[in-house]
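Numbering of ligands and ligand atoms starts at 1, following listing order. Owing to the predicted nature of the structure, the values given are computational and were not obtained by experimental measurement.
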Amino acid sequence: MSEPAAGRRVLLAAPRGYCAGVARAVTVVEKGLELYGAPVYVRHEIVHNKYVVKSLENKGAVFVEEATEVPEGATVIFSAHGVSPAVHRQAADRRLTAIDATCPLVTKVHKEAVRFARDDYDILLIGHEGHEEVIGTSGEAPEHITIVDGPQEAATVKVRDPNKVAWLSQTTLSANEVLATVAVLKERFPNLASPPSDDICYATQNRQAAVKQLGADADLVLVVGSGNSSNSVRLVEVALEAGARAACLIDSADEIDETWLDGVRTVGLTSGASVPDVLVDDVLDWLAEHGYRQVEVVQAAEEHQHFALPRNLTPRPQRT
Ligand code: 0O3
Ligand code: SF4
């Protein structure tokens with residue numbers, strides 16, 4: 001039995017949705033289409049969101065998995081998750097015009113990997129094997145990097161010299177889980193070197209902080225995001241850890257099952273860093289139609305981050 005409409009409310013997480021890196025990457029594809037005309041090839045989903053990919057396909061973007069699938073001499077955009085130097089070389093070999101939409105905060109992790117590898121460290125990259133960002137970062141120094149996926153792997157990973165070990169991480173992991181993994185590594189390698197600043201980016205941390213804040217008060221948390229979006233999936237886990245009775249990942253409002261609302265008074269709502277606002281607005285409309293009209297914003301942080309577009313997308317001033 002549903003609660004009476006009077007008791008129903010929505011706790012809306014803030015920040016949620018697009019981070020600065022995603023906003024920049026989506027703009028790169030839109031501007032690329034404007035400047036170079038369709039088709040513009042994009043290597044890998046520009047961000048892990050079905051709706052974004054479909055919308056850009058409708059505008060003339062062609063998504064491929066490898067640079068080798070792009071016709072010689074065409075324009076290719078690299079996704080926000082970053083690519084290895086080998087992919088840059090493939091693009092150069094095919095004489096592609098490459099536009100790099102890698103988030104600057106992912107590039108920062110690549111540079112840390114290069115620096116630690118140059119100093120001959122064994123680098124333990126905390127992240128999910130097979131994820132595009134982890135593939136790209138590992139490719140900076142494959143002979144130095146070992147992927148460590150959680151505390152259990154941290155307990156057994158082998159290194160050459162226990163005094164020459166550094167850790168880095170994927171940008172979109174659960175902050176708590178990374179802390180737990182690093183704690184195990186520090187126990188084993190007391191001289192473990194850390195990245196100069198957090199690899200888990202501000203947007204991941206803020207979205208997790210907001211959902212953590214509302215999780216305990218929510219009977220159900222809806223996270224808008226696609227199944228291959230690491231940061232979105234983490235929001236479901238963080239909501240459950242924070243005490244939400246249930247949490248579901250949905251691509252859009254039409255995936256909500258009405259039975260999920262049985263006995264639910266408070267719905268928490270958030271969205272991953274790759275999710276456009278329109279999808280959350282649709283969920284809010286759907287919830288309002290089902291009696292959840294009262295919306296309270298739960299604000300964990302304010303964000304003012306903005307990244308400039310890549311140089312080869314910025315019109316150059318004309319010389320006179
Ligand atoms: O890395 P993740 O699967 O979360 O990727 P999304 O969903 O595209 O979100 C943007 C994050 C990103 C590009 C890497 O940090
Ligand atoms: Fe960049 Fe963080 Fe957004 Fe990833 S989640 S694109 S690292 S700002």
Contact flag Cys201/atom 1 (Fe) of ligand 2, N/O/S atoms, threshold under 2.8 Å: no
Interfacing atoms of ligand 1 (cut-off 4.0 Å, heavy-atom, Ala80): 13 (C)
Please could you name the atoms of ligand 1 that Val47 approaches to less than 4.0 Å, counting only its heavy atoms? 8 (O)
Report yes or no: does His131 have a heavy atom closer than 4.0 Å to ligand 1? yes
Does at least one non-hydrogen atom of Thr204 fall below 4.0 angstrom from an atom of ligand 1? no
What part of Cys103 sits under 4.0 Å from ligand 2 if we count only heavy atoms: the side chain, the backbone, both or neither? side chain
Protein heavy atom at shortest distance from [atom]:
atom	result
atom 8 (O) of ligand 1	His48 N, 2.6 Å
atom 10 (C) of ligand 1	Val22 CG2, 3.5 Å
atom 4 (Fe) of ligand 2	Thr171 OG1, 3.9 Å
atom 11 (C) of ligand 1	Thr172 CG2, 3.9 Å
atom 14 (C) of ligand 1	Glu133 OE1, 3.3 Å

Under 4.0 Å, heavy atoms only, figure out whether ligand 1 is touched by the backbone of [X], its side chain, both or neither.
X	answer
Asn228	backbone
Asn231	both
Thr171	side chain
Glu45	neither

Parallel, tilted or perpendicular: which describes the rings of Trp286 and His290, with under 30° parallel and over 60° perpendicular? parallel
Where does the angle between the aromatic ring planes of His81 and His48 fall among parallel (under 30°), tilted (30 to 60°) and perpendicular (over 60°)? parallel
Applying the salt bridge (Lys or Arg N to Asp or Glu O under 4.0 Å) test to Arg43, which of Glu65, Glu69, Glu132 qualifies? Glu132
Begin from the C-alpha positions of Glu112 and Arg115 and carry the test salt bridge (charged side-chain N to carboxylate O under 4.0 Å, His left out) through to its verdict. CA-CA 5 Å; Glu112 288 162 355; Arg115 190 173 60 82; over 6 Å; no
Please determine whether a side-chain nitrogen of the Lys or Arg among Arg16 and Asp277 lies less than 4.0 Å from a carboxylate oxygen of the Asp or Glu. no
Under a 4.5 Å cut-off applied to non-hydrogen side-chain atoms, are [X] and [Y] in contact?
X	Y	value
Val109	Pro195	no
Phe63	Ile46	yes
Gln208	Glu241	no

Any donor-acceptor N/O pair, Arg8 side chain to Leu287 backbone, under 3.5 Å: no
Answer yes or no: does atom NZ of Lys31 have more than 12 heavy-atom neighbours from other residues, nucleotides or ligands under 6.0 Å? no
Is it the case that ligand 1 has an N or O less than 3.5 angstrom from some N or O of Ser232? no
Report yes if Gln170 has an N/O atom closer than 3.5 Å to an N/O atom of ligand 1; otherwise report no. no
Give the atom numbers and elements of ligand 2 that come within less than 4.0 Å of a heavy atom of Tyr202. 8 (S)
Apply salt bridge (charged side-chain N to carboxylate O under 4.0 Å, His left out) to Arg265 and Asp219, showing your working. CA-CA 7 Å; Arg265 183 184 286 263; Asp219 303 307; 6.0 Å; no
Note: heavy atom closest to atom 12 (C) of ligand 1, options His44, His128, His81, Arg234, belongs to His81
Using a cut-off of strictly less than 2.8 Å, determine whether Cys19 has an N/O/S atom near atom 3 (Fe) of ligand 2. yes
Steps toward salt bridge (charged side-chain N to carboxylate O under 4.0 Å, His left out) verdict (Arg9, Asp217): CA-CA 11 Å; Arg9 63 175 181 160; Asp217 296 324; 5.0 Å; no
